[in-house]
> 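Sharing a structure with you now.
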Amino acid sequence: MFAPQFAVTHKVSNWTFGAGLFAQAGVGVEYGKSSFMSRGDIGGMGYAMGADTGLENASRLFILDIPFAASYNFNDSLAIGATLDAKWTGLNLDYLLGANQLGSLAGNGRASGSLMGLVGTLPDPRGVHLSVSKDKVVSSGVDGWGYSGRLGLLYKITPATNVGLSYMFESEMNDLKGNGTVTAVDGTLGNIPIEGQVRFLDFNTPAKLDVGVSHQITDKLLIALDVSRVFWKDALKDIKLGFTSGAGDVDLRLPQNAQDQTIVAIGASYAATQNLTLRAGYRQATQPFNDEGLLALIPAVLRKHATLGFSYQVSKSGRIDAAYSRAIEHSMTNRSAYNTSSPVRSSIAQDNFVLSYTHAW
(Lines give C-alpha, C1' and ligand atoms only; values in the text may rest on other atoms or scores of the structure.)
Protein backbone atom coordinates (compact mmCIF):
# COMPACT_ATOMS: atom_id res chain seq x y z
CA MET A 1 0.00 0.00 0.00
CA PHE A 2 1.30 3.44 -0.96
CA ALA A 3 0.15 6.60 0.84
CA PRO A 4 0.97 10.26 0.13
CA GLN A 5 2.13 12.93 2.53
CA PHE A 6 2.63 16.65 2.03
CA ALA A 7 2.98 19.66 4.32
CA VAL A 8 3.74 23.37 4.12
CA THR A 9 4.37 25.85 6.96
CA HIS A 10 4.82 29.61 7.06
CA LYS A 11 6.06 31.77 9.95
CA VAL A 12 4.68 35.27 10.58
CA SER A 13 6.26 36.95 13.63
CA ASN A 14 5.42 34.72 16.62
CA TRP A 15 2.80 32.80 14.63
CA THR A 16 3.35 29.71 12.50
CA PHE A 17 0.65 28.49 10.11
CA GLY A 18 0.57 25.23 8.24
CA ALA A 19 -1.45 22.69 6.28
CA GLY A 20 -0.78 19.17 5.21
CA LEU A 21 -1.99 15.87 3.86
CA PHE A 22 -0.99 12.67 5.67
CA ALA A 23 -1.92 8.99 5.79
CA GLN A 24 -3.08 8.60 9.40
CA ALA A 25 -3.69 4.85 9.21
CA GLY A 26 -3.90 2.00 6.76
CA VAL A 27 -4.29 -1.77 6.87
CA GLY A 28 -5.17 -4.45 4.38
CA VAL A 29 -5.05 -8.19 3.74
CA GLU A 30 -5.83 -10.40 0.75
CA TYR A 31 -6.79 -14.07 1.14
CA GLY A 32 -8.01 -14.52 -2.43
CA LYS A 33 -10.86 -16.74 -3.60
CA SER A 34 -9.53 -20.19 -2.78
CA SER A 35 -8.47 -20.08 0.89
CA PHE A 36 -10.43 -21.81 3.65
CA MET A 37 -12.04 -18.45 4.42
CA SER A 38 -13.95 -18.70 1.12
CA ARG A 39 -15.69 -21.88 2.27
CA GLY A 40 -19.27 -21.85 3.52
CA ASP A 41 -20.88 -23.95 6.25
CA ILE A 42 -22.26 -27.45 5.84
CA GLY A 43 -24.38 -28.66 8.75
CA GLY A 44 -22.98 -26.03 11.07
CA MET A 45 -19.36 -26.99 10.40
CA GLY A 46 -17.63 -23.70 9.68
CA TYR A 47 -15.25 -23.41 6.70
CA ALA A 48 -16.32 -26.91 5.54
CA MET A 49 -14.40 -28.93 2.99
CA GLY A 50 -16.28 -29.12 -0.29
CA ALA A 51 -18.12 -25.84 0.38
CA ASP A 52 -15.91 -23.56 -1.74
CA THR A 53 -17.76 -20.43 -2.87
CA GLY A 54 -15.17 -18.86 -5.18
CA LEU A 55 -15.78 -15.53 -3.43
CA GLU A 56 -13.03 -13.08 -2.44
CA ASN A 57 -11.96 -12.38 1.15
CA ALA A 58 -9.94 -9.18 1.45
CA SER A 59 -9.85 -5.77 3.12
CA ARG A 60 -8.20 -2.37 2.68
CA LEU A 61 -8.73 0.52 5.09
CA PHE A 62 -7.20 3.94 4.45
CA ILE A 63 -7.58 7.07 6.61
CA LEU A 64 -6.40 10.41 5.23
CA ASP A 65 -5.77 13.36 7.59
CA ILE A 66 -5.75 16.95 6.28
CA PRO A 67 -4.77 19.31 9.14
CA PHE A 68 -4.94 23.09 9.13
CA ALA A 69 -2.64 24.24 11.92
CA ALA A 70 -1.60 27.34 13.83
CA SER A 71 0.83 27.82 16.72
CA TYR A 72 2.01 30.79 18.76
CA ASN A 73 5.37 31.26 20.50
CA PHE A 74 4.72 33.15 23.72
CA ASN A 75 8.45 33.29 24.49
CA ASP A 76 11.60 31.23 24.01
CA SER A 77 10.23 28.56 26.38
CA LEU A 78 6.53 28.12 25.54
CA ALA A 79 4.59 27.47 22.32
CA ILE A 80 0.93 26.45 22.02
CA GLY A 81 -0.77 25.14 18.89
CA ALA A 82 -4.00 23.70 17.52
CA THR A 83 -5.27 22.03 14.36
CA LEU A 84 -8.61 21.54 12.68
CA ASP A 85 -8.44 18.29 10.72
CA ALA A 86 -10.52 17.20 7.77
CA LYS A 87 -10.58 13.40 7.53
CA TRP A 88 -11.42 10.98 4.75
CA THR A 89 -11.90 7.27 5.38
CA GLY A 90 -12.11 4.69 2.60
CA LEU A 91 -12.82 0.99 3.02
CA ASN A 92 -12.75 -1.95 0.61
CA LEU A 93 -14.20 -5.14 2.05
CA ASP A 94 -14.95 -8.63 0.73
CA TYR A 95 -16.17 -10.79 3.59
CA LEU A 96 -17.88 -14.19 3.79
CA LEU A 97 -19.98 -14.79 6.90
CA GLY A 98 -20.82 -18.45 7.43
CA ALA A 99 -24.37 -19.63 8.12
CA ASN A 100 -23.62 -20.55 11.74
CA GLN A 101 -21.89 -17.18 12.26
CA LEU A 102 -25.01 -15.40 10.98
CA GLY A 103 -27.15 -17.59 13.22
CA SER A 104 -25.09 -16.63 16.28
CA LEU A 105 -25.37 -12.92 15.41
CA ALA A 106 -29.13 -13.21 14.83
CA GLY A 107 -29.64 -15.12 18.07
CA ASN A 108 -27.96 -12.28 19.98
CA GLY A 109 -29.93 -9.55 18.19
CA ARG A 110 -26.87 -8.51 16.17
CA ALA A 111 -28.24 -9.43 12.73
CA SER A 112 -31.69 -8.34 11.61
CA GLY A 113 -33.66 -7.38 8.51
CA SER A 114 -35.87 -8.90 5.83
CA LEU A 115 -32.91 -10.50 4.01
CA MET A 116 -32.24 -12.65 7.06
CA GLY A 117 -35.68 -14.21 6.58
CA LEU A 118 -34.96 -14.72 2.89
CA VAL A 119 -31.73 -16.57 3.63
CA GLY A 120 -33.67 -18.78 6.03
CA THR A 121 -35.93 -20.00 3.20
CA LEU A 122 -33.01 -21.33 1.09
CA PRO A 123 -32.82 -25.15 0.86
CA ASP A 124 -29.12 -25.40 1.85
CA PRO A 125 -27.86 -22.02 3.18
CA ARG A 126 -24.10 -21.87 3.66
CA GLY A 127 -23.42 -18.19 4.29
CA VAL A 128 -23.66 -14.62 3.05
CA HIS A 129 -20.89 -12.68 1.33
CA LEU A 130 -20.57 -8.88 1.46
CA SER A 131 -18.56 -7.07 -1.22
CA VAL A 132 -17.83 -3.33 -1.26
CA SER A 133 -14.66 -2.97 -3.26
CA LYS A 134 -12.98 -0.99 -6.04
CA ASP A 135 -9.78 -2.22 -7.63
CA LYS A 136 -8.04 1.17 -7.64
CA VAL A 137 -5.10 2.65 -5.74
CA VAL A 138 -7.08 5.06 -3.54
CA SER A 139 -10.77 4.68 -4.44
CA SER A 140 -12.82 2.61 -2.02
CA GLY A 141 -16.08 0.72 -2.03
CA VAL A 142 -17.44 2.86 0.80
CA ASP A 143 -16.05 6.17 1.98
CA GLY A 144 -16.94 9.28 3.95
CA TRP A 145 -15.67 12.61 5.26
CA GLY A 146 -15.51 13.97 8.78
CA TYR A 147 -13.44 16.14 11.07
CA SER A 148 -11.35 16.17 14.24
CA GLY A 149 -8.90 18.48 15.98
CA ARG A 150 -5.84 18.68 18.21
CA LEU A 151 -4.47 20.87 20.97
CA GLY A 152 -0.83 20.89 22.01
CA LEU A 153 2.00 22.70 23.72
CA LEU A 154 5.78 22.58 23.85
CA TYR A 155 7.65 23.81 26.92
CA LYS A 156 11.41 24.16 27.30
CA ILE A 157 12.21 23.23 30.91
CA THR A 158 15.92 23.87 30.46
CA PRO A 159 17.99 24.75 27.37
CA ALA A 160 18.54 20.99 26.89
CA THR A 161 15.15 19.57 27.94
CA ASN A 162 11.76 19.92 26.24
CA VAL A 163 8.38 18.53 27.26
CA GLY A 164 5.39 18.24 24.93
CA LEU A 165 1.71 17.54 25.45
CA SER A 166 -1.01 17.01 22.85
CA TYR A 167 -4.60 15.79 22.72
CA MET A 168 -6.36 14.58 19.58
CA PHE A 169 -10.16 14.59 19.74
CA GLU A 170 -12.25 11.62 18.63
CA SER A 171 -13.30 12.13 15.03
CA GLU A 172 -16.86 12.89 13.92
CA MET A 173 -17.32 10.95 10.70
CA ASN A 174 -20.26 10.74 8.36
CA ASP A 175 -21.41 7.20 7.59
CA LEU A 176 -19.23 5.44 5.04
CA LYS A 177 -21.48 4.81 2.03
CA GLY A 178 -21.23 3.10 -1.33
CA ASN A 179 -22.62 0.51 -3.70
CA GLY A 180 -22.16 -3.12 -2.81
CA THR A 181 -23.27 -6.68 -3.38
CA VAL A 182 -24.66 -9.17 -0.87
CA THR A 183 -24.44 -12.74 -2.15
CA ALA A 184 -26.47 -15.47 -0.51
CA VAL A 185 -24.58 -18.77 -0.78
CA ASP A 186 -26.65 -21.96 -1.09
CA GLY A 187 -25.45 -25.50 -1.66
CA THR A 188 -28.33 -26.27 -4.04
CA LEU A 189 -29.04 -22.96 -5.79
CA GLY A 190 -25.46 -21.66 -5.87
CA ASN A 191 -24.51 -18.00 -5.37
CA ILE A 192 -27.39 -15.49 -5.46
CA PRO A 193 -26.07 -11.88 -5.78
CA ILE A 194 -28.17 -8.87 -4.71
CA GLU A 195 -27.05 -5.33 -5.60
CA GLY A 196 -27.71 -2.50 -3.15
CA GLN A 197 -26.38 0.29 -0.95
CA VAL A 198 -23.95 -0.33 1.93
CA ARG A 199 -23.24 1.95 4.88
CA PHE A 200 -20.89 1.72 7.87
CA LEU A 201 -22.08 3.73 10.89
CA ASP A 202 -20.03 5.56 13.55
CA PHE A 203 -16.70 4.59 12.01
CA ASN A 204 -14.67 7.04 14.10
CA THR A 205 -10.99 7.25 15.01
CA PRO A 206 -10.35 7.37 18.78
CA ALA A 207 -9.20 10.26 20.94
CA LYS A 208 -5.52 10.19 21.92
CA LEU A 209 -3.40 11.82 24.62
CA ASP A 210 0.39 12.13 24.11
CA VAL A 211 3.05 13.21 26.62
CA GLY A 212 6.69 13.38 25.61
CA VAL A 213 10.04 14.59 26.86
CA SER A 214 13.36 14.99 25.04
CA HIS A 215 16.82 15.72 26.41
CA GLN A 216 19.96 16.83 24.58
CA ILE A 217 22.60 14.74 26.33
CA THR A 218 25.49 16.07 24.26
CA ASP A 219 25.81 18.36 21.27
CA LYS A 220 25.35 15.29 19.07
CA LEU A 221 23.10 12.91 21.05
CA LEU A 222 19.40 13.47 21.84
CA ILE A 223 17.01 11.00 23.48
CA ALA A 224 13.22 11.14 23.68
CA LEU A 225 10.47 9.30 25.55
CA ASP A 226 6.76 9.38 24.63
CA VAL A 227 3.77 7.90 26.46
CA SER A 228 0.37 7.78 24.75
CA ARG A 229 -3.13 6.75 25.76
CA VAL A 230 -5.55 5.83 22.95
CA PHE A 231 -9.21 5.86 23.97
CA TRP A 232 -10.52 2.98 21.88
CA LYS A 233 -13.22 2.05 24.39
CA ASP A 234 -15.37 5.08 23.56
CA ALA A 235 -14.81 4.82 19.80
CA LEU A 236 -15.20 1.14 18.91
CA LYS A 237 -17.72 -1.05 20.73
CA ASP A 238 -19.21 -2.58 17.55
CA ILE A 239 -18.63 -2.47 13.82
CA LYS A 240 -22.09 -1.46 12.58
CA LEU A 241 -23.10 -1.86 8.96
CA GLY A 242 -26.29 -1.94 6.95
CA PHE A 243 -27.37 -3.05 3.47
CA THR A 244 -30.51 -1.95 1.61
CA SER A 245 -31.81 -3.19 -1.73
CA GLY A 246 -35.00 -3.78 -3.68
CA ALA A 247 -35.01 -7.35 -2.36
CA GLY A 248 -34.74 -6.35 1.31
CA ASP A 249 -32.31 -5.14 3.92
CA VAL A 250 -29.99 -6.38 6.66
CA ASP A 251 -28.22 -4.74 9.61
CA LEU A 252 -25.19 -6.25 11.36
CA ARG A 253 -23.32 -5.39 14.55
CA LEU A 254 -19.99 -7.20 14.87
CA PRO A 255 -18.74 -6.96 18.49
CA GLN A 256 -15.31 -5.43 19.14
CA ASN A 257 -15.46 -4.23 22.76
CA ALA A 258 -12.16 -2.42 22.42
CA GLN A 259 -10.24 -1.30 25.50
CA ASP A 260 -8.11 1.80 25.96
CA GLN A 261 -4.51 1.35 24.85
CA THR A 262 -1.21 2.55 26.34
CA ILE A 263 1.83 3.07 24.09
CA VAL A 264 5.40 3.72 25.25
CA ALA A 265 8.08 4.77 22.76
CA ILE A 266 11.74 5.63 23.19
CA GLY A 267 14.07 7.02 20.57
CA ALA A 268 17.45 8.59 19.98
CA SER A 269 19.09 10.71 17.31
CA TYR A 270 22.80 11.18 16.70
CA ALA A 271 24.38 13.92 14.59
CA ALA A 272 27.04 11.82 12.86
CA THR A 273 28.25 14.69 10.68
CA GLN A 274 27.23 18.25 10.00
CA ASN A 275 24.79 17.03 7.34
CA LEU A 276 23.83 13.51 8.51
CA THR A 277 21.66 12.62 11.52
CA LEU A 278 20.97 8.98 12.43
CA ARG A 279 17.89 7.85 14.33
CA ALA A 280 16.61 4.69 16.07
CA GLY A 281 13.66 3.85 18.26
CA TYR A 282 11.42 1.22 19.83
CA ARG A 283 7.67 1.28 20.55
CA GLN A 284 5.53 -1.11 22.59
CA ALA A 285 1.76 -1.02 23.12
CA THR A 286 -0.91 -2.87 25.03
CA GLN A 287 -3.50 -4.82 23.02
CA PRO A 288 -6.83 -2.93 22.70
CA PHE A 289 -8.75 -5.98 21.40
CA ASN A 290 -9.30 -9.33 23.04
CA ASP A 291 -9.15 -12.47 20.92
CA GLU A 292 -12.94 -12.66 20.61
CA GLY A 293 -13.02 -9.25 18.92
CA LEU A 294 -10.58 -10.31 16.23
CA LEU A 295 -11.74 -10.26 12.62
CA ALA A 296 -9.67 -12.46 10.33
CA LEU A 297 -9.72 -9.65 7.75
CA ILE A 298 -7.93 -7.45 10.31
CA PRO A 299 -5.55 -10.14 11.57
CA ALA A 300 -4.19 -8.53 14.74
CA VAL A 301 -3.18 -5.21 16.20
CA LEU A 302 0.59 -4.93 16.15
CA ARG A 303 2.18 -4.19 19.52
CA LYS A 304 5.95 -3.89 19.02
CA HIS A 305 7.80 -1.73 16.48
CA ALA A 306 11.51 -1.11 15.91
CA THR A 307 12.61 1.80 13.71
CA LEU A 308 15.71 3.11 11.96
CA GLY A 309 16.07 6.32 10.02
CA PHE A 310 18.22 9.23 8.94
CA SER A 311 18.10 12.86 7.83
CA TYR A 312 20.53 14.28 5.30
CA GLN A 313 20.93 17.99 4.61
CA VAL A 314 21.49 18.04 0.85
CA SER A 315 21.70 21.84 0.68
CA LYS A 316 21.14 24.93 2.78
CA SER A 317 17.40 24.73 2.11
CA GLY A 318 16.82 21.04 1.30
CA ARG A 319 16.67 17.94 3.52
CA ILE A 320 15.93 14.28 2.83
CA ASP A 321 14.35 12.13 5.58
CA ALA A 322 13.98 8.36 5.41
CA ALA A 323 12.73 5.82 7.94
CA TYR A 324 12.12 2.08 8.14
CA SER A 325 9.82 0.49 10.71
CA ARG A 326 9.54 -3.22 11.45
CA ALA A 327 6.41 -4.39 13.26
CA ILE A 328 7.30 -7.59 15.09
CA GLU A 329 5.02 -10.55 14.40
CA HIS A 330 2.00 -10.87 16.66
CA SER A 331 -0.65 -13.62 16.80
CA MET A 332 -4.20 -13.89 18.09
CA THR A 333 -6.81 -16.67 18.09
CA ASN A 334 -10.52 -15.94 17.71
CA ARG A 335 -13.09 -18.50 18.87
CA SER A 336 -16.06 -16.12 18.97
CA ALA A 337 -19.06 -17.40 16.99
CA TYR A 338 -19.99 -13.77 16.22
CA ASN A 339 -16.82 -12.92 14.29
CA THR A 340 -15.78 -16.22 12.72
CA SER A 341 -17.34 -19.47 11.48
CA SER A 342 -14.62 -21.57 13.12
CA PRO A 343 -11.71 -20.78 15.43
CA VAL A 344 -9.06 -18.83 13.50
CA ARG A 345 -5.47 -18.09 14.46
CA SER A 346 -4.02 -15.03 12.73
CA SER A 347 -0.47 -13.72 12.66
CA ILE A 348 0.80 -10.47 11.20
CA ALA A 349 4.08 -8.62 10.79
CA GLN A 350 4.66 -5.43 8.86
CA ASP A 351 7.36 -3.40 7.13
CA ASN A 352 6.88 0.35 6.63
CA PHE A 353 9.06 2.76 4.67
CA VAL A 354 8.82 6.57 4.69
CA LEU A 355 10.73 8.90 2.38
CA SER A 356 10.28 12.66 2.38
CA TYR A 357 11.92 15.84 1.14
CA THR A 358 11.73 19.16 3.02
CA HIS A 359 12.49 22.50 1.38
CA ALA A 360 12.80 25.74 3.35
CA TRP A 361 12.29 29.14 1.70
Side-chain angles (χ1 to χ4, degrees), residues 1-12 14-28 60-73 78-92 137-140 142-155 163-178 199-212 226-237 239-240 256 258 260-263 265 283 285 288 298 301 305 321 323 325 352 354-358:
M1 178 182 293
F2 295 92
Q5 64 178 30
F6 170 80
V8 59
T9 61
H10 182 65
K11 188 173 178 61
V12 181
N14 289 339
W15 287 93
T16 301
F17 300 95
L21 185 150
F22 303 95
Q24 181 179 338
V27 67
R60 187 180 71 196
L61 172 67
F62 182 51
I63 301 176
L64 191 66
D65 186 25
I66 307 172
F68 300 90
S71 67
Y72 184 79
N73 290 338
L78 177 64
I80 294 179
T83 70
L84 177 63
D85 299 56
K87 290 183 179 289
W88 178 83
T89 297
L91 175 66
N92 287 322
V137 176
V138 176
S139 296
S140 298
V142 292
D143 63 3
W145 285 89
Y147 65 91
S148 181
R150 304 175 192 233
L151 296 173
L153 66 83
L154 180 66
Y155 183 70
V163 61
L165 175 69
S166 72
Y167 182 80
M168 179 174 67
F169 295 90
E170 181 179 331
S171 67
E172 293 289 338
M173 299 296 298
N174 294 322
D175 294 342
L176 310 186
K177 298 179 181 180
R199 70 189 188 281
F200 283 76
L201 292 73
D202 303 326
F203 210 79
N204 294 315
T205 55
K208 183 183 179 185
L209 176 66
D210 296 293
V211 180
D226 292 332
V227 179
S228 303
R229 185 71 169 172
V230 186
F231 300 100
W232 286 102
K233 186 174 182 179
D234 294 331
L236 192 55
K237 180 176 176 57
I239 295 177
K240 296 180 282 187
Q256 295 295 284
D260 293 342
Q261 180 185 35
T262 299
I263 305 169
R283 172 186 182 272
I298 308 175
V301 175
H305 292 75
D321 293 280
S325 173
N352 297 311
V354 177
L355 179 65
S356 66
Y357 175 77
T358 301

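Nothing fancy with the numbering, it's 1 onward along the sequence. Note that the structure is a prediction, hence the values are computed from the model and not measured.
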> Heavy-atom distance under 4.5 Å between the side chains of Arg150 and Ser166, does that happen here?
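No, too far: nothing below the 4.5 Å cut-off.
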
> Leu209 vs Phe231, test: side-chain contact (heavy atoms from CB on, under 4.5 Å). Steps then yes/no.
CA-CA 8 Å; Leu209 176 66; Phe231 300 100; 4.1 Å; yes

> Could you check Lys177 against Val142 for side-chain contact (heavy atoms from CB on, under 4.5 Å), going step by step and ending with a plain yes or no?
CA-CA 5 Å; Lys177 298 179 181 180; Val142 292; 5.6 Å; no

> Heavy atoms, side chains only, cut-off 4.5 Å: are Phe203 and Ile63 in contact?
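SC-SC contact between Phe203 and Ile63 ruled out.
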
> Rounded to the nearest 0.5 Å, what separation is found between the NZ atom of Lys87 and the CD1 atom of Ile66?
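Spacing of NZ (Lys87) from CD1 (Ile66) equals 10.0 Å.
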
> Inspect the surroundings of OH in Tyr72 and state if more than 12 heavy atoms from other residues, nucleotides or ligands are less than 6.0 Å away.
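Yes.
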
> Hey, does Val354 have a side-chain heavy atom less than 4.5 Å from the side chain of Asp321?
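When only atoms from C-beta onward are counted, Val354 and Asp321 do not touch, as no gap falls below 4.5 Å.
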
> For atom NZ of Lys11, decide whether the heavy atoms of other residues, nucleotides or ligands shown that lie under 6.0 angstrom number more than 12.
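For Lys11, atom NZ is crowded (more than 12 foreign heavy atoms under 6.0 Å).
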
> Can you name the nearest heavy-atom pair linking Pro67 to Leu21, along with the distance?
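Answer, listing the atom of Pro67 first, then Leu21: CD-N, 4.4 Å.
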
> Restricting to non-hydrogen atoms, name the atom on His305 and the atom on Ser325 that form the minimum distance, rounded to 0.1 Å.
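So the two residues come closest at CD2-OG, 3.7 Å.
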
> To the nearest 0.5 Å, how far apart are CD1 in Ile80 and CG in Leu151?
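The CG atom of Leu151 is 9.5 Å from CD1 of Ile80, to the nearest 0.5 Å.
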
> Can you measure from CZ (Arg283) to CG (Asp226) and round to the nearest 0.5 angstrom?
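These two atoms lie 10.5 Å from each other.
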
> Are there over 12 heavy-atom neighbours, none belonging to Lys208, within less than 6.0 Å of that residue's NZ?
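Count not over threshold, so no.
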
> As a test of understanding, state which of Thr205, Asp85, Thr89, Asp65 forms a side chain to side chain donor-acceptor pair (under 3.5 Å) with Ser171.
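That would be Thr205; it is the only one of Thr205, Asp85, Thr89, Asp65 passing the side chain to side chain donor-acceptor pair (under 3.5 Å) with Ser171.
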
> Please report the interatomic distance CG(Asn204) to CG(Asn174), rounded to the nearest 0.5 Å.
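Taking CG in Asn204 and CG in Asn174, the distance rounds to 9.5 Å.
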
> Any chance you could measure Asn14, atom CG, to Ser71, atom OG, to the nearest 0.5 Å?
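Rounded to the nearest 0.5 Å, the CG-OG separation comes to 10.0 Å.
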
> Considering all heavy atoms of both residues, which atom of Gly144 and which atom of Met173 are nearest to each other, and what is their separation?
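Residues Gly144 and Met173, closest heavy atoms: O-CE, 3.5 Å.
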
> Return the CH2 to NZ distance between Trp232 and Lys237, rounded to the nearest 0.5 Å.
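Output value for this atom pair is 16.0 Å.
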
> Ring-plane angle category for Phe169 and Tyr167, please: parallel below 30°, perpendicular beyond 60°, tilted otherwise.
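Perpendicular, since the angle between the ring planes exceeds 60°.
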
> Among Asp175, Asp143, Ile239, find the residue that satisfies the side chain to side chain contact (heavy atoms under 4.5 Å, CB included) test when tested with Phe200.
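Between Phe200 and the candidates, side chain to side chain contact (heavy atoms under 4.5 Å, CB included) is satisfied uniquely by Ile239.
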
